[in-house]
Amino acid sequence: MAAVKKKRWPYVLGGILVLLIAIVAVVLWRLDAILLKAARDQAATYSQKLGRPIEIGDVSTKLFPYVGAHIQNVSVGAAEGEDLPLAEVKDVTVSVAAMPLLTSKGKDIRVQDAEVSGLTVNVIRLADGTTNVQRLQEKLAAQQPKEETPEEETQPTDLSGVHVERAALTDGTIRFVDRAGGAQARELAVKDLDIEVKDLRVGQPLKVDLAAAVLAEKQNLKMTLAAAPLPATLIPTPEQVTLKAEHIDLSPLGPFLPPDVGLQAGTLDADWKADLGGAVPGGKGPTKLVGVIKALGMKFAGSEGGKALDVVLDTDVTGDMATGDLALDKLNLNLGPAAITGKGKVKGLLTDKPAVEGLELVGRNLDPAVLAEYYPPLRKQLNGMIAGPIGLDVRGSGTQEAQAINIAVDLTPVRLRVPDQLSKEAGGAMKLNAKVTGAAASGGALRFDAKADLNGVDMRPGLLVNKAPGQRLEVAAAGTYAPAKTGSGMTVNVTSMSLGALEDTVTGTATVALAGTGKKATTTFKADVKAAKLDAEKLLMSEEQVLARTGGKPPPEPPPGEANRFNGYRGDIQFAIASLRYTAMDLTHVTGVVKMVDDLITVEKFSTGIYGGKVVADGTTIRLGPAPAARPFTAKVQVQGLEVAQALAARTPKQVLTGKFNGNVDVQGVGYTPDKLQQTLLGGINGNLLEGTFLGKDLVSSVTGPLAKAVPFAKALKSGDVTSLGANLPFSVTIKNGVAQLSKPITWTRPEAAMSFDGGIGLDGTLDLTGGVSLTPATIKTLTVGKVTPTEAIPVGLKISGKAWSPEVTGIDVKPAATTILKLAGGAALGGLLGEKGKAVENIITGGQDKAKAEAEAKRQELEARANEEKKKLEDQARIEQEKAKQRAEEEAKKRLKGIFGGK
């Protein structure tokens with residue numbers, strides 16, 4: 001029995017294995033079907049988006065010893081009106097080692113092979129001249145969202161567990177089919193396209209090889225890209241590029257290029273190599289360019305007289321940005337009639353041992369307008385912006401003790417038309433001269449001294465600077481430049497700079513340091529600016545001048561930039577201007593310090609003399625990130641001794657107010673225009689007006705005039721058309737929605753009256769004040785020609801409206817005051833008739849005692865009622881008499897008519 005059992009176990013084990021294999025086979029069979037269905041579902045979705053059928057022939061998988069997938073016969077089909085698919089792929093194979101993938105839980109990904117073979121791309125030029133690729137690009141562009149949400153900064157993905165032993169594209173073909181010619185289509189192709197990458201993993205150098213047969217039967221184009229050892233992100237830093245091309249005929253490709261290129265003929269030959277070094281981000285070491293690239297006989301549609309353009313770049317150049325080395329063993333760039341040639345050496349320009357040996361870089365016939373005769377698309381790109389020969393001359397020589405590189409750029413013969421910025425006619429002065437030297441004394445930085453003559457430039461097209469051709473505009477700067485010792489960035493230290501504009505000159509110093517890249521980039525700056533005199537009113541264009549150049553239309557608002565475009569900016573600007581003319585204001589001793597942190601501008605210190613006083617604006621802030629109409633600001637201003645008449649003279653049609661103002665302005669708002677400020681301005685103003693006078697209206701006369709008409713024996717006072725506001729008028733206003741509302745009534749007392757008003761004033765100068773004028777006893781005595789002298793002031797209510805420079809006094813209510821005066825006048829008359837005994841009666845009438853006042857008021861009302869009754873009787877009697885007279889006149893007329901016609 002034991003022997004039988006021993007012989008049976010291999011069969012049992014074999015059965016189990018067969019069962020497992022069967023199960024795996026079923027799983028693989030179903031897995032392939034599931035994956036194929038999922039892939040075809042995705043293909044159907046993208047077919048709708050692209051407007052092209054996407055088909056997948058088959059998907060097969062493998063799980064051991066390699067996890068792999070084999071995809072066959074993938075195609076992106078033809079869109080409507082096309083007869084060939086856009087792309088076809090015969091096979092896509094990917095295999096990944098299974099055991100490392102399983103044991104590392106998916107972290108160790110070893111791709112043994114990833115290959116795409118039999119790729120064919122069909123580029124078809126259709127009858128309307130467009131290509132299927134252009135149509136696809138337009139379709140994709142139409143599906144892009146209009147406003148893209150900025151991507152949040154994320155940490156780079158760590159791909160250190162990925163190792164690709166081989167990735168390749170083999171036997172690829174790009175076919176060019178021209179259907180624009182009708183039934184006889186032309187076909188050409190880039191065949192035998194191979195791209196291969198080997199041993200792609202962290203810590204290993206990257207090498208990408210490309211080879212293709214471009215419009216030929218054998219491979220005639222080879223290109224290699226080599227990169228530094230890859231970091232954990234597998235993002236390469238290119239180190240070397242080589243290019244070899246053997247007499248490639250470019251003319252058949254012309255119809256498939258964008259129509260505005262218009263290529264008709266040309267050949268390409270190249271044998272060129274570039275060691276990139278520190279010329280690319282993250283790169284290190286010297287940069288070397290060696291070899292020749294020739295594009296000969298290049299003809300373009302529309303070229304003048306069918307001219308052919310020869311472009312030849314022949315280089316043997318080595319440079320090191322870290323040390324300032326440059327060796328121009330050969331530099332020849334020929335662009336048809338134009339050329340740039342160079343030779344000579346520079347060593348250690350950024351070190352303490354610089355040397356320059358026979359450096360020359362010269363430009364010849366660099367006229368973009370002439371080049372456009374050979375290459376017409378350039379004419380459209382330039383859009384008439386530049387025409388004329390550009391002068392370029394760079395020369396240098398010397399020893400360690402006396403190094404010099406002189407740079408001269410002369411645009412005087414050039415005509416410029418830069419839209420919305422500047423213009424210049426040919427012959428107008430525009431030159432740049434710079435001298436660059438090694439600066440051992442400053443620790444190895446590069447020293448520069450540059451001067452620019454822009455006298456021939458017209459800056460008025462920019463609608464900002466009012467500088468016409470021939471007027472002075474000169475810029476000069478001297479300082480040092482040093483690249484960052486680690487990473488990217490640089491520091492520029494301008495030890496002296498000057499700007500001469502029109503009749504004024506601004507001088508100063510500045511420092512700018514750039515560091516970091518991308519969202520972590522920072523710009524740190526510091527500047528100190530000084531000027532003895534600056535007439536910004538002449539230098540800047542007025543609103544009238546702007547409208548004259550725009551045909552009466554306001555200039556368009558600049559498009560808003562990104563709100564975070566100022567992130568990373570840090571610095572401050574200090575300035576001191578002895579005399580500044582700006583928007584009809586003459587400022588003296590203007591000093592300040594302005595600080596910037598990202599988009600927040602803070603005025604840490606600011607003071608100036610203006611309108612006979614002094615203004616301090618420490619603490620004022622504004623944010624530059626939002627669009628102008630949405631920029632929030634706060635203004636904190638202290639004022640001492642400001643002559644109000646001078647301050648308002650340029651802002652009102654005529655004088656409104658005189659006196660000196662001491663006080664504080666503390667407001668905040670959003671935007672700058674009056675319309676926006678009327679909606680957003682908040683805050684307050686408080687202070688004192690010294691020896692103030694309200695011009696244009698005598699409030700006392702405005703009251704006494706109507707009052708004199710209401711009192712028969714009164715005589716109006718003479719108007720002075722001004723109202724004195726006293727020696728010291730304190731006030732406080734609260735600003736809300738652009739309206740300044742008095743926090744509490746303003747009151748002041750003059751010998752002729754005491755005045756009190758409440759209300760507000762709009763930003764447009766509209767008054768809305770309600771209050772009263774209390775006429776003093778002396779004023780009432782004068783008004784009544786001595787007949788009435790009250791014991792206390794008599795008030796008259798009124799309103800002040802209209803514009804501040806043309807106020808209107810309305811709502812004057814003189815009835816209560818007139819009644820009081822008449823009452824007082826009656827009491828005074830009785831007192832005069834009765835002598836000493838009449839004083840008691842006068843006291844009763846005038847209200848000396850409460851009881852007497854009440855009795856006198858009752859008696860007055862009784863007398864007034866009797867007077868009204870008598871008046872009514874008289875009016876009734878007069879009406880009756882008038883009716884009788886009318887009746888008598890009618891009877892007399894009838895009698896006369898009878899006499900004329902013989903009637904009885």
Side-chain angles (χ1 to χ4, degrees), residues 39-57 71-92 116-146 169-195 210-217 219-221 223 248-266 268 298-302 376-377 380-381:
R40 286 176 174 174
D41 289 343
Q42 288 294 318
T45 300
Y46 281 97
S47 295
Q48 294 294 325
K49 292 183 179 181
L50 301 181
R52 299 169 179 274
I54 300 177
E55 297 179 355
I56 299 175
I71 306 172
Q72 294 178 300
N73 300 324
V74 179
S75 68
V76 179
E80 185 179 354
E82 301 171 8
D83 60 351
L84 291 174
L86 176 66
E88 295 176 309
V89 177
K90 290 182 180 179
D91 290 289
V92 179
V116 177
S117 62
L119 169 67
T120 299
V121 177
N122 295 305
V123 180
I124 308 171
R125 184 172 181 247
L126 303 169
D128 61 358
T130 63
T131 68
N132 57 344
V133 176
Q134 287 175 295
R135 290 185 175 184
L136 177 62
Q137 290 173 337
E138 292 171 358
K139 181 104 176 157
L140 293 174
Q143 296 176 7
Q144 292 295 323
K146 294 182 179 180
L169 167 67
T170 59
D171 196 20
T173 301
I174 302 176
R175 296 173 62 203
F176 297 91
V177 182
D178 188 359
R179 301 289 193 206
Q184 295 182 349
R186 290 192 306 160
E187 292 191 17
L188 51 137
V190 176
K191 299 184 297 184
D192 200 9
L193 175 62
D194 297 326
I195 303 174
L210 179 149
V214 181
L215 313 183
E217 294 300 321
Q219 290 183 334
N220 57 358
L221 174 67
M223 185 175 178
I248 298 174
D249 185 3
L250 302 176
S251 31
L253 295 176
F256 300 94
L257 296 176
D260 55 353
V261 175
L263 177 65
Q264 295 178 334
L268 174 66
M298 306 285 286
K299 289 186 178 181
F300 300 91
K380 181 179 179 181
Q381 294 167 5

Worked check of side chain to side chain contact (heavy atoms under 4.5 Å, CB included) between I248 and L221 = CA-CA 8 Å; I248 298 174; L221 174 67; 4.2 Å; yes
Is there side-chain contact between [X] and [Y], with heavy atoms separated by less than 4.5 Å?
X: D91; Y: V89; result: no
X: L169; Y: L193; result: yes
X: L140; Y: L50; result: yes
X: V123; Y: I174; result: yes
X: L136; Y: R52; result: yes
X: I54; Y: S47; result: yes

Can you name the nearest heavy-atom pair linking [X] to [Y], along with the distance?
X: P53; Y: A78; answer: CD-O, 3.5 Å
X: S251; Y: D249; answer: OG-OD1, 2.6 Å
X: V190; Y: A212; answer: CG1-CB, 3.8 Å
X: A189; Y: F176; answer: CA-CD1, 4.4 Å

By side chain to side chain contact (heavy atoms under 4.5 Å, CB included) - contacts of T120 (at least two apart) = N122, T173, R175
For the atom pair [atom1] ([X]) and [atom2] ([Y]), what is the distance rounded to the nearest 0.5 Å?
X: R135; Y: Q137; atom1: CZ; atom2: CD; value: 13.0 Å
X: L84; Y: L86; atom1: CG; atom2: CG; value: 10.5 Å
X: I56; Y: R40; atom1: CD1; atom2: CZ; value: 7.5 Å
X: L188; Y: D178; atom1: CG; atom2: CG; value: 8.5 Å
X: E187; Y: I124; atom1: CD; atom2: CD1; value: 9.5 Å
X: N220; Y: L215; atom1: CG; atom2: CG; value: 7.5 Å

inquiry  = Test of understanding: with side chain to side chain donor-acceptor pair (under 3.5 Å), list the residues that count as partners of T45, not counting sequence neighbours.
reply    = none
inquiry  = Would E217 and K191 count as a side chain to side chain contact (heavy atoms under 4.5 Å, CB included) here? Give the steps.
reply    = CA-CA 8 Å; E217 294 300 321; K191 299 184 297 184; 3.2 Å; yes
task = Could you walk me through whether L263 and M298 pass side chain to side chain contact (heavy atoms under 4.5 Å, CB included), step by step?
result = CA-CA 7 Å; L263 177 65; M298 306 285 286; 4.1 Å; yes
query = Any luck finding a side-chain donor-acceptor pair between D194 and Q219 under 3.5 Å?
reply =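 Side chains of D194 and Q219: pair found under 3.5 Å.
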key: Audit row: E55, V74, side chain to side chain contact (heavy atoms under 4.5 Å, CB included) steps and yes/no   = CA-CA 6 Å; E55 297 179 355; V74 179; over 6 Å; no
